[in-house]
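Reading through the structure tokens given below for one structure.
Nothing fancy with the numbering, it's 1 onward along the sequence.
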Amino acid sequence: MNNSDKGSPSNELIYSLLEHYQNGRLNDAEKLAVEITRDFPKHEFAWKVLGVIFEATGRKSGALNANKTAVKLSPQDPEAHNNLGNTLKELGRLDQAEASYNQALVLKPDYAEAHCNLGIILHHYGKLDKAESSYRQAIALKPEFPEAYSNLGITLQEAGKLKEADASYNKAIELSPDYAEAHSNLGNMLKELGRLEEAEASYNQAIALEPNLAEAHNNLGTTLQELGRLEEAKERWEQSLLLKPNFFDGVRNLVKLPVGQLEADAINLCEKALASMDSSQENQIKYLFAQGNLFKHQGLIERSFKVFCKANKLQLEISKNEMTVDSKKNIASLKRIDSWVPSLPKFSEKILAKLFIMGPSRSGKSLLEHILAESSQVKTLREIIKHDELLKNEGFKKSASELLFEKIFSQSEGNLFDEGYKIITSTNPGSMFYSDYLLDMLPSAYFILVKRDPRDISPEIFTSEYNKENFYSYDVNEIKKYLDVYYQLFETLVLTVPDRCLSVSFKDIVQSPEDVVARISRLIGIGLRVGDFTQNLANFEYESLFRDHYAALSN
């Protein structure tokens with residue numbers, strides 16, 4: 001009698017399958033699982049193992065078939081539903097994945113892994129509170145669950161709860177010191193806080209633990225770019241593509257570089273990656289922006305601009321409501337600041353000069369910040385609060401200066417001063433619309449506007465892709481309105497507090513950085529030097545390649 005005449009495989013065969021799988025011998029486990037499912041087509045456990053192996057080895061269609069079969073054979077098995085959810089998630093079928101995870105939890109409410117997986121879906125849909133609850137439920141059920149802590153950190157970070165996110169990432173690392181993704185996620189948060197050297201260390205640790213982690217290479221690249229080490233950044237982005245040839249973030253970062261800064265090999269990598277990517281409706285806008293940038297590097301300017309126009313038209317349909325709301329807020333800020341009566345705090349010892357380097361997107365703020373950061377006296381920081389909180393929370397105004405600084409920057413002003421810093425910089429363009437609050441609350445605060453020719457900054461804004469906000473950027477009329485309000489606002493500041501404001505041109509930053517730094521030194525009363533600025537300023541073109549195309553469009 002052959003095996004197919006038996007009701008089920010022998011215990012010895014199942015134990016062998018389990019042993020192969022648990023010890024990472026996936027080839028052997030797969031062969032045995034295939035043999036069992038062939039001879040015993042209704043053996044649910046073998047289908048489950050086969051589904052997990054296919055999933056782990058990137059064979060999505062095989063995984064989907066195996067996991068669906070396992071669920072059909074054993075509809076009361078929560079693990080089978082959870083495994084099916086994992087495959088559906090990887091295939092982008094998020095509604096179905098969510099249903100699978102919920103079914104797993106109906107069958108087994110204390111299933112920690114299913115709670116964690118459901119949290120991933122909820123986060124993707126922007127339901128951050130529900131995602132946080134799912135992760136915390138997973139941790140309550142399984143206190144030593146590093147993946148749940150790491151994922152919780154991502155959700156807390158996006159919700160602006162940065163201290164809690166920091167603690168969550170570090171807990172994941174404490175539970176699993178070799179968990180490369182947790183180190184990489186911690187790096188993402190440190191980068192958002194402007195703690196770039198610490199972020200660099202976290203990414204390097206992630207890469208040391210898992211050299212093939214493309215995401216860590218990519219994120220290290222963006223950190224190195226912010227540190228002004230562009231050649232190293234490009235190497236990391238290229239490495240992310242060599243490790244993961246269709247890795248979109250790596251492509252996007254490379255093609256965003258100014259024309260002339262990509263070698264032919266890098267352009268070829270990007271071209272091959274985009275050719276293999278899904279350009280379906282869900283991903284079409286991101287794909288088009290990347291494609292437009294690639295055409296620009298290939299010298300196909302006319303074709304590039306047409307692609308950008310198509311991307312903006314699609315994005316405008318999505319962002320029109322947010323654009324209208326933001327426009328009204330900006331005009332309200334202009335009216336408020338126009339009637340503002342300053343009550344500037346007094347200068348005191350052991351405080352830092354706070355330079356808010358302002359300007360619309362693509363104005364050249366980051367370039368000026370890189371130049372200033374060459375001085376050991378300057379620390380670049382990121383604002384961690386949402387600006388609306390300055391309007392809503394009167395407690396901010398009543399806070400002591402040191403506490404207020406920490407609320408805004410998640411850093412101790414006293415500690416930074418004791419470390420030898422005399423100046424901090426911030427480049428969040430939205431701070432301009434809350435400049436009255438920031439000047440009234442922070443001693444020794446200054447606003448420096450980087451002014452770029454509207455004929456160049458407008459097309460550069462229009463051809464840029466933004467992850468969030470900047471909703472005005474997809475419509476030529478809204479871009480003009482935004483720039484008008486922005487520059488009017490700064491002119492109002494100059495009239496009201498002239499000793500706290502300075503306007504510099506992008507062209508001067510590129511051509512005469514020493515003169516620009518000297519003017520800033522005179523404004524704040526602290527001597528600064530340009531130093532040996534490592535970035536090749538000659539690579540920065542202050543005239544947009546799309547100047548004429550955009551002018552024709554706006555006319």
Side-chain angles (χ1 to χ4, degrees), residues 330 333-360 363-365 367-369 371-373 375 377-381 383 387 390-391 396-402 404-405 408-409 413-414 416-417 421-452 484-509 512-530:
N330 294 342
S333 292
L334 177 59
K335 290 179 179 178
R336 187 189 70 245
I337 293 172
D338 190 47
S339 60
W340 169 50
V341 178
S343 56
L344 305 180
K346 294 180 180 179
F347 290 92
S348 60
E349 294 184 1
K350 289 197 69 172
I351 64 167
L352 303 163
K354 295 108 183 151
L355 301 188
F356 291 91
I357 303 173
M358 296 290 95
S363 57
K365 302 182 302 296
L367 178 59
L368 178 56
E369 186 174 52
I371 292 172
L372 295 175
S375 169
Q377 300 177 89
V378 177
K379 178 75 171 177
T380 62
L381 294 181
E383 297 161 56
H387 286 117
L390 296 174
L391 298 177
F396 276 111
K397 279 194 169 184
K398 298 175 183 177
S399 300
S401 173
E402 172 74 12
L404 180 63
F405 184 92
I408 294 175
F409 295 109
E413 183 171 8
L416 289 172
F417 190 92
Y421 295 107
K422 292 186 179 179
I423 301 163
I424 66 100
T425 61
S426 175
T427 59
N428 185 336
S431 294
M432 178 66 82
F433 298 98
Y434 302 88
S435 51
D436 51 341
Y437 282 83
L438 292 165
L439 285 163
D440 273 346
M441 292 189 295
L442 292 172
S444 192
Y446 301 87
F447 275 71
I448 299 171
L449 178 72
V450 178
K451 193 79 178 284
R452 189 174 183 185
D484 288 345
V485 171
Y486 205 97
Y487 293 136
Q488 284 181 51
L489 206 158
F490 186 75
E491 288 169 7
T492 302
L493 274 189
V494 172
L495 291 172
T496 309
V497 283
D499 59 335
R500 295 296 185 93
C501 301
L502 177 66
S503 176
V504 299
S505 76
F506 178 60
K507 187 174 180 179
D508 285 344
I509 294 171
S512 308
E514 297 88 352
D515 293 342
V516 172
V517 172
R519 292 175 63 196
I520 294 172
S521 296
R522 289 193 293 271
L523 174 73
I524 64 178
I526 299 174
L528 285 167
R529 295 172 57 193
V530 175

State, yes or no, whether a side-chain contact exists between [X] and [Y] at a heavy-atom distance under 4.5 Å.
{"X": "Met432", "Y": "Leu493", "result": "yes"}
{"X": "Tyr437", "Y": "Arg336", "result": "yes"}
{"X": "Thr496", "Y": "Asp436", "result": "no"}
{"X": "Leu416", "Y": "Ile424", "result": "yes"}
{"X": "Leu438", "Y": "Ile408", "result": "yes"}

Set of residues satisfying salt bridge (charged side-chain N to carboxylate O under 4.0 Å, His left out) with respect to Asp484, sequence neighbours excluded: Lys480

Salt bridge (charged side-chain N to carboxylate O under 4.0 Å, His left out) involving Lys379 - partner list, sequence neighbours excluded: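 Testing Lys379 for salt bridge (charged side-chain N to carboxylate O under 4.0 Å, His left out), a comparison that skips the adjacent residues, returns Glu197.
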
At what distance, to the nearest 0.5 angstrom, does [atom1] of [X] lie from [atom2] of [Y]?
{"X": "Asp440", "Y": "Trp340", "atom1": "CG", "atom2": "CH2", "answer": "5.5 Å"}
{"X": "Met441", "Y": "Lys354", "atom1": "CE", "atom2": "NZ", "answer": "11.5 Å"}
{"X": "Leu381", "Y": "Phe405", "atom1": "CG", "atom2": "CZ", "answer": "5.5 Å"}
{"X": "Leu439", "Y": "Leu442", "atom1": "CG", "atom2": "CG", "answer": "8.0 Å"}
{"X": "Asp515", "Y": "Ile520", "atom1": "CG", "atom2": "CD1", "answer": "11.5 Å"}

Residues in side-chain contact (heavy atoms from CB on, under 4.5 Å) contact with Ser503, at least two apart in sequence or another chain: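 Partners of Ser503 under the side-chain contact (heavy atoms from CB on, under 4.5 Å) test: Leu449, Lys451, Phe490.
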
Partners passing side-chain contact (heavy atoms from CB on, under 4.5 Å) against Leu523 (at least two apart in sequence or in another chain):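 Counting only residues at least two positions away or on another chain, Leu523 forms a side-chain contact (heavy atoms from CB on, under 4.5 Å) with Tyr446, Ile448, Leu502.
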
Where at least one partner belongs to residues 423-432, residue pairs that pass side-chain hydrogen bond (donor to acceptor under 3.5 Å, both in side chains), sequence neighbours excluded: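 Qualifying pairs, neighbours excluded: Glu369-Thr425, Glu383-Ser426, Glu383-Ser431, His387-Ser431.
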
ring-ring contact (aromatic ring centres under 6.0 Å, His included) involving Tyr486 - partner list, sequence neighbours excluded: Phe433, Tyr482

From CA spacing to verdict: side chain to side chain contact (heavy atoms under 4.5 Å, CB included), Leu368, Val504: CA-CA 10 Å; Leu368 178 56; Val504 299; 4.3 Å; yes

Polar side-chain atom of Lys365 near backbone of Gly359 as donor-acceptor pair, under 3.5 Å: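 At least one qualifying donor-acceptor pair exists.
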
